[in-house]
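Before any comments, here is the structure.
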Protein chains: 2
Amino acid sequence: MASIKDVAAEAGVSVATVSRVLNDHPSVSPDARTRVMAAVQRLGYRPNAVARSLRTDQTRTLGLVISDVLNPYFTELARSVEEEARSLGYSVIIGNADERPEIEDHHVRTLLDRRIDGLLVSPTDGGSPGMLDAARAGTPMVFVDRWIAGVDVPVVRADGRTAVRDLVAHLHGLGHRRLAIIAGPAATTTGSERVEAFREALAAHGLALPDAYIGQGDFQAESGRRATERFLDLAEPPEVVFAADNLMALGALDAVRARGLRVPEDIALAAFDDIPWFVHTDPPITAIAQPTGELGRAAVRALVDRIEGRPPQSVTLPARLVVRRSCGEPPPVRTTPVQPPPEQPTPPEPTPAQQSPVQRSQS
Amino acid sequence: MASIKDVAAEAGVSVATVSRVLNDHPSVSPDARTRVMAAVQRLGYRPNAVARSLRTDQTRTLGLVISDVLNPYFTELARSVEEEARSLGYSVIIGNADERPEIEDHHVRTLLDRRIDGLLVSPTDGGSPGMLDAARAGTPMVFVDRWIAGVDVPVVRADGRTAVRDLVAHLHGLGHRRLAIIAGPAATTTGSERVEAFREALAAHGLALPDAYIGQGDFQAESGRRATERFLDLAEPPEVVFAADNLMALGALDAVRARGLRVPEDIALAAFDDIPWFVHTDPPITAIAQPTGELGRAAVRALVDRIEGRPPQSVTLPARLVVRRSCGEPPPVRTTPVQPPPEQPTPPEPTPAQQSPVQRSQS
DNA sequence: CTGAAAGCGCTTACAG
DNA sequence: CTGAAAGCGCTTACAG
């Protein structure tokens with residue numbers, strides 16, 4: 001592979017001049033520039049990013065450590081992160097922790113060894129030692145979705161409190177009184193927060209959240225299945241199961257189905273994190289949707305601000321309830337046009353008539 | 001951040017000795033080793049991978065360029081690739097092309113600039129110029145899932161021919177005679193191959209595949225929706241729609257539903273690529289399942305063989321049909337045990353009694 | 001505007 | 001077994 005020396009020789013200039021041309025340094029004669037460009041062309045030269053990084057001490061690379069790539073929520077997050085990073089001239093290396101702190105640790109260390117310019121983390125259960133060390137050592141870092149209390153790092157996340165309140169109001173309105181939740185790991189903020197929001201919303205309706213109605217999950221499908229089985233074995237099973245993420249909802253659905261029960265007739269189901277498939281499950285699933293793409297983009301902007309010396313900003317965006325049929329609501333009345341209506345973009349701001357936070361699904 | 005010089009000073013040895021200790025070079029005295037390890041500990045020293053890469057001309061990093069991360073098939077592929085790579089001591093950088101050759105090109109160039117040791121590619125439509133150049137230039141490369149004809153690169157993929165034949169037999173047995181397919185981009189191998197396999201399988205039953213029954217898709221949901229609408233507008237619409245990937249099946253489902261039609265009563269649906277959600281869609285969807293994890297692992301092994309100087313092997317693994325209810329089959333008879341049966345691992349080899357290639361879904 | 005030279009943090013023949 | 005030194009491919013003050 002051609003190096004900068006080869007280009008210099010080919011163009012009849014020094015490597016310094018080649019470097020200046022490549023980096024758009026102003027003091028280069030037009031003639032030198034032309035010859036260098038031509039040499040670059042002829043040789044198909046591409047600068048060695050490894051050498052450049054060693055010299056400049058920056059890699060223009062961001063690390064993204066997420067808890068589970070197989071979760072569609074994180075996949076979408078990863079995608080928007082990469083897109084925004086690319087538009088700002090950064091690459092991103094994704095590390096998938098699979099909800100396991102040791103693997104999170106492995107990725108954080110590897111990423112740091114590669115001298116990435118900054119780290120975006122959605123910490124697993126409690127966070128791994130290496131990740132905590134990095135934060136303390138002052139590595140440019142931003143938490144997305146989940147965060148660790150007491151660690152001084154900007155956080156970009158969705159606030160589901162209002163949406164959970166809307167969900168509980170919806171459930172209560174449908175006559176449900178025994179509501180259960182499948183929580184994520186208590187040590188993750190999204191694990192505990194969603195339970196707390198749920199508990200508070202219940203309290204507002206005079207309902208309690210007994211311990212037996214709190215299933216302990218780990219954000220994976222299998223744990224949703226087990227928690228649901230336990231609920232169904234109760235002397236007084238809940239009327240509703242609210243899964244704190246979409247994979248545990250999948251597991252819950254498996255469990256309900258394995259018992260030969262029906263949703264929502266025998267038991268209602270709702271989930272945190274909306275995904276395209278929820279429109280087509282049997283029945284369509286009521287879910288709380290996060291502004292995932294915007295979260296990813298805001299996180300990258302905060303991190304790049306931090307890296308480039310601007311003050312980074314924590315961001316909290318609202319999640320919203322999307323009502324479907326899995327909680328017992330009759331299907332929304334709809335006409336069936338022969339031609340589907342043209343795509344209608346969501347209006348940027350709700351008009352007064354649309355202020356209800358409860359948004360009805362299009363489907 | 002501490003460098004090797006700091007460690008050397010702290011341990012009272014030369015940087016050469018530190019390097020030898022770090023790389024497990026045999027000729028180091030026990031005493032020197034001990035002092036170096038202690039210094040490393042005290043300083044929290046981690047070798048700079050960028051510097052090491054520049055010096056050794058290897059990054060122990062693999063690039064993976066996939067056509068669409070949001071597609072669960074590719075997400076799973078990416079995950080297994082990363083796992084296998086990690087176990088072999090490599091990191092992987094994922095580039096998401098979003099089915100667009102320009103973006104594929106961007107990622108290939110960026111990855112090459114970073115001097116990754118090898119490239120795993122699932123080429124978009126026809127492949128991008130940069131990717132083709134890299135292949136010709138002798139960059140260690142392996143194609144996964146899709147490949148480009150005439151490019152001398154090992155291919156790791158699933159063969160769906162048998163499964164498609166099983167699918168058509170299944171459909172024919174259910175009485176369907178007008179079968180349509182939503183194809184992927186003709187320039188992708190998976191796009192054209194699946195159509196050809198389908199056509200051949202139909203021919204074996206004396207059925208034709210008229211042009212009007214070939215929808216042109218791009219592996220994205222929206223294209224599945226449009227193709228399905230076109231089918232439904234036909235004077236004689238098909239009885240079955242077979243989508244060449246899971247996202248187009250989602251779109252097809254959207255379209256069918258928007259017309260107020262039912263699956264499978266009004267139209268049957270099947271998909272290439274099985275995903276966990278297909279168990280819970282309304283109705284559960286009959287699909288062709290690829291051995292995705294094994295594909296990812298085999299691809300990494302082939303690439304690492306190539307990188308480390310061993311002869312890489314192309315691998316073709318069979319896909320298999322998973323029958324559910326979306327094509328009109330009555331739900332399989334099942335008892336509903338109060339306790340779910342214990343997890344049963346799939347036997348490694350089919351016994352004679354199980355040789356039927358058609359596998360019935362567990363659900 | 002240009003080039004010679006130093007140096008980023010490592011590894012590795014080479015000499016001892 | 002150990003260290004001094006060269007060199008990987010760049011960038012960038014410094015001198016001219």
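In this text, all values refer to a predicted model and were calculated from it rather than measured experimentally. Order of the sequence lines sets the chain letters (A, B, ...), proteins ahead of strands, with each chain counted from 1.
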Distance, rounded to the nearest Å, where B/M1 contributes CE and C/dC8 contributes P: 16 Å
Contact list for residues 1-12 of chain A, test salt bridge (Lys or Arg N to Asp or Glu O under 4.0 Å), sequence neighbours left out: A/E10-A/R42
Watson-Crick and G-U pairing of DNA chain D written in dot-bracket, each distance under 3.5 angstrom, with | for inter-strand partners: |||.||||||||.|||
Sequence-distant partners of A/S19, side chain to side chain donor-acceptor pair (under 3.5 Å), two or more places apart: A/N23
Nucleotide-resolved protein contact map, nucleotides 10-16 of chain D, B/S/- at heavy-atom distance under 4.0 Å: BBBB---
Sequence-distant partners of B/S29, side chain to side chain contact (heavy atoms under 4.5 Å, CB included), two or more places apart: B/D31, B/A32
Touch class at under 4.0 angstrom, heavy-atom based, for B/S27 against every strand present: base
Residue pairs fulfilling salt bridge (Lys or Arg N to Asp or Glu O under 4.0 Å) with at least one residue in residues 305-314 of chain A, sequence neighbours excluded: A/D305-A/R310, A/E308-A/R310
Non-neighbouring partners of B/R109 that pass salt bridge (Lys or Arg N to Asp or Glu O under 4.0 Å), sequence neighbours left out: B/D105
Greater than 12 external heavy atoms within 6.0 Å of A/Q41's CD: no
B/L54 vs B/V13, nearer the 5' end of DNA chain D by closest nucleotide: B/V13
Under the side chain to side chain contact (heavy atoms under 4.5 Å, CB included) test, residues paired with A/D117 that sit two or more places apart: A/Q58, A/T59, A/R60, A/Y90, A/I307
D/dG3 OP1/OP2 closer than 4.0 Å to side-chain N/O of B/S14: yes
Those residues that, when tested against A/E82, pass side chain to side chain donor-acceptor pair (under 3.5 Å) (two or more places apart): A/R86
Whole angstrom value for the distance that separates C1' of C/dC1 from NE2 of A/H25: 9 Å
